[in-house]
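Predicted model only: the values in this text are computed from it and were never measured. Here is how names work: the chains are called A, B, and so on, in the same order as the sequence lines, proteins then strands, and each is numbered from 1.
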There are 2 protein chains.
Amino acid sequence: MPDTQLALPLTNSAHPFRIEHPDDAIVKISLAGLCGSDLHTYRGLEGVQQDHICGHEFIGNVIALGSSFNPSSPLTRPALYGTLKLGDKVVSPFSVSCGECSTCRHGFTARCTTSLLFGSPLLPGAQAQYIRVPKAGGTLFVLPSSTPSPSVLPELQLLTALPDATLLLLSDILPTGLFVTLQALTHPNVSPVLTGIAWPGTANGLLSPTAQTNILPATDEDQILTVAIIGLGPVGLCATLALLDLLENRTPPTRFRILAIDPNEARRIKMQDIYDALPSSCKGAQGSTFTVCSNIDIPTWANHGCHAVLEVISSRIRLSSPISISPSSIPQIVGVPSALSFSLSLLTSSGVISSCGVHQAPPVPFTGRELYGLNATLAFGRCSVRAVFGAAAGLLARRRDVLGVIGTHGVVERVCPLSDAVRAYNLFEKGEWGKVVFDPWA
Amino acid sequence: MPDTQLALPLTNSAHPFRIEHPDDAIVKISLAGLCGSDLHTYRGLEGVQQDHICGHEFIGNVIALGSSFNPSSPLTRPALYGTLKLGDKVVSPFSVSCGECSTCRHGFTARCTTSLLFGSPLLPGAQAQYIRVPKAGGTLFVLPSSTPSPSVLPELQLLTALPDATLLLLSDILPTGLFVTLQALTHPNVSPVLTGIAWPGTANGLLSPTAQTNILPATDEDQILTVAIIGLGPVGLCATLALLDLLENRTPPTRFRILAIDPNEARRIKMQDIYDALPSSCKGAQGSTFTVCSNIDIPTWANHGCHAVLEVISSRIRLSSPISISPSSIPQIVGVPSALSFSLSLLTSSGVISSCGVHQAPPVPFTGRELYGLNATLAFGRCSVRAVFGAAAGLLARRRDVLGVIGTHGVVERVCPLSDAVRAYNLFEKGEWGKVVFDPWA
């Protein structure tokens, strides 16, 4: 990526921050994130030919609104067209969603029929001082103001105490971490572990309870959930926090074996620090284990079979049989084929690989026979941030002590001026820096 | 495949029908099926080097039992070890499952840790007069006898009136059709269509209901379920019957658009005949459509994009916009990569491709970018017949009028002596014959 591209946001001369459509809002950006998926463009993998403003994570305040925003906006439109006001503090999903099309009504806002990705050639991005938000009444999320309001859940009111660099996590990586975990845990094949009821059960109410199946009832051991989180970058950290949060407060308490895997030592140390800082209520029923480990005996993210890595892991967590800890659920946060191969090599039969990475052109590195032989499910995709915003905001509020840390031990590692952008992209890509947030006014 | 292999079952000289293990049963076979997946061996695709007895679908009567079968079998074993008797009429899943290991206790009996496939080099198959069934107390299913018993559900008592050629459907293709449909419909991404509740809802109880998501509520149109069934061979017919059965009696009634697609005209005619013979209660809420069609404008099962085929289909079912009928759920019964490509070309975003086909060595023909771009889920695998037996038996009982037809218009097309096996394999492979069942005593 030429430096000129990164330099662009420093002046606003090229930034078309005017209302172009009645549904537009203009936001004055207080902070903008640098995300792993910005690196795809940076690496030249997106085939982008023209200069454009990068970045798709931002938090800021509304400074202009199109004519669609007014108290008499019809009830057939998203409520925000009737309530959003100048000055409101907002955070935005990384892509535009109208909230009105059939895809949005199903909750799949990431694939809205009018979807546009901020920071792409089609829509100027967030690593700038201002940004135009199309379909803003469907897209934006208004953060609670410091004056308590009866319309704001008490839990979400806690967000007002958090720094913007933490609230910015709501624009992408915290919802994406929640999404990749939900996509893994809510698959019907994981249900027998979570509920103790054998597949197919009533298949979400589609089947009547039937004659006994002649199989033995689940034991306590059968209900130990084994999850491998592959990739402990910023999204992987969020996925882990989301996973622990989803498993908290279940009745009966969930016993888990979580394997958090990354080859990068700094990432592993941060993961362990974050886990250690969590309250014990997040740490599962008695007998649960949380193991941060490297794929150190596997030279690359490559398919060397599960035994090497699982023997290492099982010796750490003192299990006699490697196979018994094959994960049934693998949130997978690395958008490259070799990480997919590694995931499949770990997966137990009838397991689920959930991927939120932005994958590129190489074919999926599996044969039909491998997937058939494992009864495997692959669930891919982009997080529908807008649909999961409420849940992610609750998670942020509950984990505010951990997610509010800015620095080496926090998910957000540093806040930089945009003049550091070239260096930040470079060091973030090399894995030497963790999550970076830009202050466009510094 | 050499003819000698097909000739083997005609004499029992090579058939080891003796009890080899206390958990074994020997079954005298009354009928054995010829299944599409037998063709993989027939075509030489399984790398089988030795002669063995083919076939994995059978129905018959128990003629010998190992010592594990007795009324004092411990309660820590599947109940059948205590109740199975000589003479009992049984049907068997196509693979052995113990009912005792953790995988079985989760309901995934197809991937039992002691799983063996009948009709493979490791376990002599069913196209014979007798068969040895390992782990028979976990594997076999006892059919109700003609004397009504209070322990048999009244619905299942109806099975006693059906011919063996129909009951044989329980060994593989009816449960497999039910499985591939369940795997498609129970995915959480299909839930918004079935329930009208936007993703993620409460994510199967993992999330608390959260703040409103600012997206508009689902309309009636959003709750029309569009399903494309790809491949109308015997399993595809069963999948279609399972789909219609699962959608029956829902509150409120489900409105659907079902596309049943196959290039083979005889298969399409049979599908239409079967649909026409169904009671109206199966045919969805008012406005539902069921369209049998070919991929006729697409020369092969190849990825030519969805528009050609959907324009043809939409003109038949009188919809203005082709895109509006992209299926969210695709049960896919053709185990070849080009059929997978065709499925993906039809799929709507956040849709699910469910495959029950025995795929071979070619890589899955998708890139990570395609799957990410569509938020697609691929769910593969072998049906856990034993776990779904009760549900499949209920389906067979309810659809006995249709499934009981033997002949050109039925799912089971003909019953042949084993001496016709060479011809049957040949014509079944060419698609000239539909489902064939062998009578080893004819």
Which answer fits B:Leu75, side chain, backbone, both or neither, if we ask what part of it has an atom under 4.5 Å from a heavy atom of chain A? backbone

Residues 189-198 of chain A vs side chain to side chain donor-acceptor pair (under 3.5 Å), sequence neighbours excluded, gives none

Residue from A:Ala203, A:Ala218, A:Ala376, A:Cys104 scoring the most non-hydrogen pairs under 4.5 Å with chain B is A:Ala376

About how many Å separate OG1 of A:Thr76 and CG of B:Leu216, when rounded to the nearest 0.5 Å? 7.5 Å

Please confirm whether the backbone N or O of A:Phe141 pairs with a side-chain atom of B:Asn214, one donor and one acceptor, at under 3.5 Å? no

Among the listed options B:Pro363, B:Ala393, B:Gly368, B:Gly205, the residue most often paired with chain A at heavy-atom distances under 4.5 Å: B:Gly368

How many angstroms lie between CZ in B:Arg105 and CD1 in A:Ile215, if you round to the nearest 0.5 Å? 10.0 Å

Under 4.5 Å heavy-atom distance to chain A, tell me which part of B:Thr103 shows up: side chain, backbone, both or neither. side chain

If you compare all heavy atoms of A:Ser350 against all heavy atoms of B:Phe108, which two are closest, and at what distance to 0.1 Å? OG-CG, 3.4 Å

Say whether, by atom type as modelled, one donor and one acceptor occur between the side chain of A:His106 and the main chain of B:Asp222 under 3.5 angstrom. yes

Of all of B:Pro217, B:Cys98, B:Pro188, which one pairs up most often with chain A through heavy atoms under 4.5 Å apart? B:Pro188

So what's closer than 4.5 Å to chain B heavy atoms on A:Cys356: side chain, backbone, both or neither? backbone

Roughly how far, to the nearest 0.5 Å, is CG of A:Leu178 from CG of B:Leu207? 6.0 Å

Is a side-chain N or O of A:Arg250 found less than 3.5 angstrom from the main chain of B:Leu206, in a donor-acceptor match? no

Give a yes or no answer on whether the side chain of A:Arg111 reaches the backbone of B:Gly373 with a donor-acceptor pair at less than 3.5 Å. yes

CZ-CH2 distance between A:Phe179 and B:Trp199, expressed to the nearest 0.5 angstrom: 6.0 Å

Check whether B:Leu182 gets within reach of chain A through its side chain, its backbone, both or neither, counting any heavy atom under 4.5 Å. side chain

Just do the side-chain contact (heavy atoms from CB on, under 4.5 Å) check on A:Thr377 and B:Leu378 with the steps written out, would you? CA-CA 6 Å; A:Thr377 292; B:Leu378 310 180; over 6 Å; no

Name the region of A:Val193, side chain, backbone, both or neither, that has any atom closer than 4.5 Å to a heavy atom of chain B. both

To the nearest 0.5 Å, what is the distance between CD on B:Glu155 and OG on A:Ser208? 7.5 Å

Checked A:Cys101, A:Gly137, A:Ala379 vs chain B; the most non-hydrogen pairs under 4.5 Å come from A:Ala379

